[in-house]
Visitor: 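Sharing a structure below in structure tokens format, with a few things to ask.
Reminder, nothing fancy here: chain letters follow the sequence lines and each chain counts from 1.
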Amino acid sequence: MKRTTEKLLKWYAEHARALPWRARPGERPDPYHVWLSEIMLQQTTVATVRKRFDDFIRRWPTVRALAEAPLEEVMAAWAGLGYYARARNLHKCARKVAHELGGEFPSTPEALRRLPGIGDYTAGAIAAIAFHHPAVAMDTNAERVIARLFAVTEPLPGCKPRLRTLAHELLPRHAPGNFAQALMDLGAIICTARNPACGLCPLMDDCAARKQGLAEELPRKQKNPPKPHREGKAFWIDRADGRVLLRRRPERGMLGSMVEIPSTGWDGAPPAFAGRTPFRLEFDRVRPDVRHTFTHFHLKLALYRLPEPLEVERARLLPLSPGWFWHPLEKLDTVGLPTVMKKAARLFLESG
DNA sequence: CAAGCGTGGAT
DNA sequence: TATCCAAGCTT
């Protein structure tokens with residue numbers, strides 16, 4: 001085994017973070033736990049996942065239990081975590097494992113890779129961590145550590161194949177799981193994107209970037225394009241019996257399969273209702289506006305509410321499209337609103 | 001294969 | 001306020 005790898009594993013043995021989805025020393029990790037945590041952690045901070053992982057495990061202790069759950073419940077449980085395609089794929093994947101694979105996750109990267117929501121990184125991570133399969137798991141941490149260790153100056157994503165090859169040369173076949181997690185912990189604690197703590201790094205003597213004074217600027221990558229500003233309107237249509245009109249968004253696109261307060265315009269799509277406002281009703285403006293930033297644009301959402309709640313008999317006459325539904329206000333917390341809609345709902349409730 | 005896809009925290 | 005970043009995947 002390479003000396004660098006030995007140093008890394010020794011450091012990990014002493015400094016590994018204790019995380020809810022990690023097995024205790026000597027115990028076998030549960031592939032279901034590893035899989036769920038890896039999906040949650042895609043582009044999401046450890047701090048955020050820490051708060052949500054246990055909720056899922058408690059509610060659905062096994063992949064079979066998760067497969068039995070209605071999609072709507074899984075989406076609601078995922079609300080606030082973002083990148084909602086992950087939740088749809090999580091559910092699809094659970095059903096596939098439960099119904100086509102006998103409830104057992106595959107153990108090779110190739111087989112894992114065929115499951116929904118599992119790409120190259122996640123396949124490698126599950127195989128290495130849960131099944132001790134000799135695979136590398138190239139996430140942004142691993143890429144950053146390796147790029148610095150070998151002073152790879154070619155920018156991402158072009159250098160990805162080279163980084164993978166270099167990582168593979170360090171991979172200890174007897175401890176692929178610890179190697180993967182060691183790279184991630186080192187990247188998260190020491191070899192951080194900004195202000196790396198090179199003075200504390202167990203690999204400082206081996207690091208080519210440090211020797212060349214390049215650590216902070218590697219890996220190189222293109223700048224993100226600026227985010228445009230968009231605007232939209234959301235409508236609070238409540239009923240005298242304490243229900244509010246909501247709708248489930250289509251599966252494809254922004255906030256796919258999530259519940260929203262009827263709104264229009266902000267994603268560039270035409271409104272789902274005819275006329276300027278839903279059902280040509282009259283509305284009062286509610287202040288302030290909601291401001292929210294998505295992956296690729298800033299949103300300013302103007303809020304409108306009815307002057308008075310609709311009488312139930314009159315509300316029944318509204319021609320609701322499929323996907324629209326009256327929801328009890330006291331259960332608003334459990335319906336699973338995405339964050340932008342949670343912000344809007346809060347302002348509506350405070351205004352009424 | 002470049003673009004689309006959430007959110008919260010740090011700077 | 002603006003920008004970047006965080007255990008990426010899909011089309």
Visitor: Please write out the pairs of protein N or O atoms and N or O atoms of nucleotides 9-11 of chain C separated by less than 3.5 Å, giving the distance to one decimal.
Guide:
from   : atom 1 : to     : atom 2 : distance (Å)
C:dC9  : OP1    : A:G119 : N      : 2.8
C:dC9  : OP1    : A:G119 : O      : 3.4
C:dC9  : OP1    : A:T122 : N      : 3.0
C:dC9  : OP1    : A:T122 : OG1    : 2.7
C:dT10 : OP1    : A:G117 : N      : 2.6

Visitor: Give A:K221 one of three labels, base, sugar-phosphate or nothing, depending on what nucleic acid heavy atoms sit under 4.0 Å from its own.
Guide: sugar-phosphate
Visitor: Rounded to the nearest Å, what distance is computed from the NE2 atom of residue A:H298 to the P atom of nucleotide C:dC4?
Guide: 10 Å
Visitor: Does B:dG8 have OP1 or OP2 sitting under 4.0 Å from an N or O in the side chain of A:T48?
Guide: no
Visitor: Looking at residues at least two apart in the chain, or sitting in another chain, which of them share a side chain to side chain contact (heavy atoms under 4.5 Å, CB included) with A:S107?
Guide: A:F131
Visitor: Who else is in A:L218's hydrophobic cluster (ILVMFWY, side-chain heavy atoms under 4.5 Å, direct or via others)?
Guide: A:L214
Visitor: Contact class for A:K227 (heavy atom, under 4.0 Å): base, sugar-phosphate, or nothing?
Guide: nothing
Visitor: Could you check A:Y121 against A:Q42 for side chain to side chain donor-acceptor pair (under 3.5 Å), going step by step and ending with a plain yes or no?
Guide: CA-CA 10 Å; A:Y121 159 73; A:Q42 290 167 3; over 6 Å; no
Visitor: Output the rounded distance in Å from CZ (A:R291) to C1' (B:dG6).
Guide: 19 Å
Visitor: With rounding to whole Å, what would you report as the distance between B:dC1 and C:dA6 at their P atoms?
Guide: 24 Å
Visitor: Is it true that, when you exclude A:E104 itself, more than 12 heavy atoms of the residues, nucleotides or ligands shown sit nearer than 6.0 Å to its CD?
Guide: no
Visitor: Would you indicate what A:W78 reaches in the nucleic acid, counting non-hydrogen atoms under 4.0 angstrom: base, sugar-phosphate, or nothing?
Guide: nothing
Visitor: Would you check if A:D206 and A:L149 make a side-chain contact, meaning some heavy-atom pair closer than 4.5 Å?
Guide: yes
Visitor: At under 4.0 Å, does any side-chain N or O of A:T295 touch on OP1 or OP2 of B:dG4?
Guide: no
Visitor: How about A:H296 and A:F294: are their ring centres within less than 6.0 Å of each other?
Guide: no
Visitor: Can you tell me the distance, in whole Å, between the CE atom of A:M254 and the C1' atom of B:dG6?
Guide: 7 Å
Visitor: From the options B:dG6, B:dA10, C:dG8, select the nucleotide whose nearest atom is closest to the side chain of A:T140.
Guide: C:dG8
Visitor: Need one value for A:A85: base, sugar-phosphate or nothing, where a base atom within 4.0 Å counts as base even if backbone is also close, heavy atoms only.
Guide: nothing
Visitor: Side-chain N or O of A:Y84 versus OP1/OP2 of B:dT7: is the shortest distance under 4.0 Å?
Guide: yes
Visitor: What nucleotide, of C:dA6, B:dG8, B:dC5, holds the atom closest to the side chain of A:A193?
Guide: C:dA6
Visitor: What nucleotide, of C:dA6, B:dG6, B:dG9, holds the atom closest to the side chain of A:R144?
Guide: C:dA6
Visitor: Have a look at A:L19 and say if it touches a base, only the backbone sugar-phosphate, or nothing, with a 4.0 Å heavy-atom cut-off.
Guide: base
Visitor: Report yes if at least one side-chain N or O of A:H296 is closer than 4.0 Å to OP1 or OP2 of B:dG4; otherwise report no.
Guide: no
Visitor: How long is the line joining CD of A:Q43 and C1' of B:dG4, in whole Å?
Guide: 12 Å
Visitor: With a sphere of 6.0 Å drawn around CD of A:E308, does it hold more than 12 non-hydrogen atoms of other residues, nucleotides or ligands?
Guide: no
Visitor: Please give the distance between the C1' atoms of C:dC5 and B:dG6 as a whole number of Å.
Guide: 13 Å
Visitor: Would you indicate, yes or no, if B:dG8 has its OP1 or OP2 atom less than 4.0 angstrom from a side-chain nitrogen or oxygen of A:K51?
Guide: no
Visitor: What are the two closest heavy atoms between A:K233 and A:L301, and how far apart are they?
Guide: N-CD1, 3.7 Å
Visitor: Is the number of heavy atoms from other residues, nucleotides or ligands within 6.0 Å of CD (A:E282) greater than 12?
Guide: no
Visitor: In whole Å, I'd like the distance from the CD atom of A:E143 to the C1' atom of C:dA6.
Guide: 13 Å
Visitor: Indicate, with a heavy-atom threshold strictly under 4.0 Å, whether A:V46 touches base, sugar-phosphate, or nothing.
Guide: base
Visitor: Between A:F179 (CZ) and C:dA7 (P), how many Å, whole number?
Guide: 16 Å
Visitor: May I ask you to verify whether the side chain of A:T44 and the base of B:dG6 hold a donor-acceptor pair under 3.5 Å?
Guide: yes
Visitor: Using atom C1' in both nucleotides, what's the gap between C:dA7 and B:dT11 to the nearest angstrom?
Guide: 22 Å
Visitor: Take the protein atom CZ of A:F297 and the nucleotide atom C1' of C:dT3, then report the distance between them rounded to whole Å.
Guide: 18 Å
Visitor: Hey, does A:G256 reach any base, or is it just sugar-phosphate, or nothing, if we go heavy atoms under 4.0 Å?
Guide: nothing
Visitor: Whole angstrom is fine here: how far is it from CD1 in A:I189 over to P in C:dA7?
Guide: 11 Å
